[in-house]
A.B. asks: 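Before I ask anything, let me first share the structure, which is written out below as structure tokens.
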Amino acid sequence: MYSILLSAGWPIWPLLLISIIGLAIVIERAWYLRQIHLFPKDSLETVFGLANAISQQKTVSEPEIRAVSQLSPVGSLFACILREKASGNPADSALEELQVSAQSTWLRLERYLGVLATIATVAPLLGLFGTVVGMIEIFGSQGVGSPQQLAHGISIALYNTAFGLLIAIPALAAWRGLRAMANQRQHECEEFTRQLFKKLYPHSADTK
């Protein structure tokens, strides 16, 4: 493998760098977007248990609500609704605060996916750049008639093209898969939030 990298010349190193970055993003996002990570066992039971207590006019302390926000990466979304209801705020005010909290939550779910999409787009271009460099080396060198020089230039061109595609294709597939996971988790968050909001504000016309 190392000999291939050497044969491909210096244009291969940017491709190698973004491949490492892309792999790190795929591993991190695949771990982060697991359902068990965003919705740990018994976490929803805890949230709805506090919602029942608030609905029954029982006192729920701020530390208990703060603990909900620390249950998972999306816990702040549920804690926001509980805090608004515990403070006696009306549904309109709670909905406004919820929308602000939801925006930051969705950003966390989609974090780094833009970088991965950029890698999938840039990798073939970097491969093409390596191809151009190889062609320049072939036709711009004084040793253009040397078979060794010709073979080296062609190897740079082909290795870079192949490596660029080898990075771009999995990166694009991973981006689409992770994007689908993020959308699924967002949909689940919205559904749980809707149920919680409806429970705490049963007479609200807008429970989204």
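Side-chain atoms are counted along with the backbone in the values below, which use heavy atoms only and exclude waters and symmetry mates.
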A.B. asks: Could you verify whether a donor N or O on one side chain and an acceptor N or O on the other, from S61 and E64, lie under 3.5 Å apart?
C.D. replies: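 Result is yes, a qualifying pair exists.
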
A.B. asks: Are E190 and W106 packed together at the side-chain level, in the sense that at least one heavy-atom pair is separated by less than 4.5 angstrom?
C.D. replies: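 E190 reaches W106 side chain to side chain.
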
A.B. asks: Quick one: name the residues clustered hydrophobically with I27, using the 4.5 Å side-chain heavy-atom rule over I, L, V, M, F, W, Y, and just say none if it's on its own.
C.D. replies: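 Besides I27, the cluster holds L23.
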
A.B. asks: Is it true that a side-chain atom of S101 and a backbone atom of L98 form a donor plus acceptor pair closer than 3.5 Å?
C.D. replies: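 No; judged by distance alone, with no hydrogens or angles, the pair does not exist.
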
A.B. asks: Side-chain contact test, heavy atoms from C-beta onward, threshold under 4.5 Å: evaluate it for S72 versus P40 and give yes or no.
C.D. replies: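 Result yes, sub-4.5 Å side-chain heavy-atom pair found.
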
A.B. asks: Looking only at non-hydrogen atoms, find the nearest pair between V68 and A79 and report the distance.
C.D. replies: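 Looking at all heavy atoms of both residues, the shortest contact is CG1-N, 3.9 Å.
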
A.B. asks: Scan side-chain atoms only and decide if Q195 and E191 contain a donor-acceptor pair under the 3.5 Å cut-off.
C.D. replies: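 Judged by distance alone, the side chains do pair up.
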
A.B. asks: Just do the side chain to side chain contact (heavy atoms under 4.5 Å, CB included) check on Y201 and D92 with the steps written out, would you?
C.D. replies: CA-CA 10 Å; Y201 294 96; D92 290 343; over 6 Å; no

A.B. asks: For the residue pair W31 and H37, categorise the inter-ring angle as parallel (less than 30°), tilted (30 to 60°) or perpendicular (more than 60°).
C.D. replies: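 The arrangement is tilted - the two ring planes meet at 30° to 60°.
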
A.B. asks: If I compare all heavy atoms of A182 with all of L113, which pair ends up nearest, and what's the gap?
C.D. replies: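 Scanning both residues completely, I find the closest heavy atoms to be CB-CD1, 4.2 Å.
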
A.B. asks: Between C189 and F39, is a side chain to side chain contact (heavy atoms under 4.5 Å, CB included) present by the stated rule, with each step listed?
C.D. replies: CA-CA 9 Å; C189 283; F39 306 107; 3.6 Å; yes

A.B. asks: Treat each ILVMFWY residue as a node, draw an edge where side-chain heavy atoms are under 4.5 Å apart, and state whether L166 and I25 are in one component.
C.D. replies: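 Yes; tracing contacts between hydrophobic side chains, which count when under 4.5 Å, links both residues.
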
A.B. asks: Would you check, one step at a time, whether the test side chain to side chain contact (heavy atoms under 4.5 Å, CB included) holds for L200 with L196?
C.D. replies: CA-CA 6 Å; L200 291 172; L196 184 61; 4.2 Å; yes

A.B. asks: Picking from Q186, R29, R185, what satisfies side chain to side chain contact (heavy atoms under 4.5 Å, CB included) with E110?
C.D. replies: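 Running side chain to side chain contact (heavy atoms under 4.5 Å, CB included) over Q186, R29, R185 with E110 returns exactly one hit, Q186.
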
A.B. asks: Let's go through L109 and Y32 carefully: what are the C-alpha distance in whole Å and the side-chain angles of both, what is the deciding distance for side chain to side chain contact (heavy atoms under 4.5 Å, CB included) to 0.1 Å, and is it a yes or a no?
C.D. replies: CA-CA 8 Å; L109 293 180; Y32 185 91; 4.2 Å; yes

A.B. asks: Between K58 and N52, is any side-chain donor less than 3.5 angstrom from a side-chain acceptor?
C.D. replies: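 There is no such pair (donor and acceptor under 3.5 Å, judged by atom type) between the side chains of K58 and N52.
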
A.B. asks: Is it the case that over 12 heavy atoms from other parts of the model lie below 6.0 angstrom from the CD atom of E96?
C.D. replies: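 No, not enclosed.
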
A.B. asks: If you define the side chain from C-beta out and look only at heavy atoms, does anything of N160 sit under 4.5 Å from L126?
C.D. replies: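 No, too far: nothing below the 4.5 Å cut-off.
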
A.B. asks: Does R176, at its CZ atom, have more than 12 non-hydrogen atoms belonging to other residues, nucleotides or ligands within less than 6.0 Å?
C.D. replies: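 No, because the 6.0 Å sphere around CZ of R176 holds 12 heavy atoms or fewer from other groups.
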
A.B. asks: Side chains of R108 and S104: does their closest heavy-atom pair fall under 4.5 Å?
C.D. replies: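 The answer is yes; the side chains approach within 4.5 Å.
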
A.B. asks: Write down the atom of A86, the atom of I54, and the distance for their closest heavy-atom approach.
C.D. replies: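 Shortest heavy-atom contact: CB-CD1, 4.2 Å.
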
A.B. asks: Taking all non-hydrogen atoms of both residues, which atom of L165 and which atom of P170 are closest, and how far apart?
C.D. replies: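 That would be O-CD, 4.1 Å.
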
A.B. asks: Side-chain heavy atoms under 4.5 angstrom apart, residues restricted to Ile, Leu, Val, Met, Phe, Trp, Tyr: same cluster for L17 and V26?
C.D. replies: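 Yes: a chain of side-chain contacts under 4.5 Å links L17 to V26.
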
A.B. asks: State which residue, out of T131, L125, V133, fulfils the side chain to side chain contact (heavy atoms under 4.5 Å, CB included) condition with F129.
C.D. replies: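 Among the candidates, only V133 passes.
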
A.B. asks: Could you walk me through whether E188 and Q184 satisfy the side-chain hydrogen bond (donor to acceptor under 3.5 Å, both in side chains) test, starting with their C-alpha distance in whole Å, then the side-chain angles of each, then the deciding distance to 0.1 Å, before giving a yes or no?
C.D. replies: CA-CA 6 Å; E188 292 168 356; Q184 177 63 26; 3.1 Å; yes

A.B. asks: Do you know the tightest heavy-atom contact between F197 and A94?
C.D. replies: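 Closest pair (atom of F197, atom of A94, distance): CE1-CB, 4.1 Å.
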
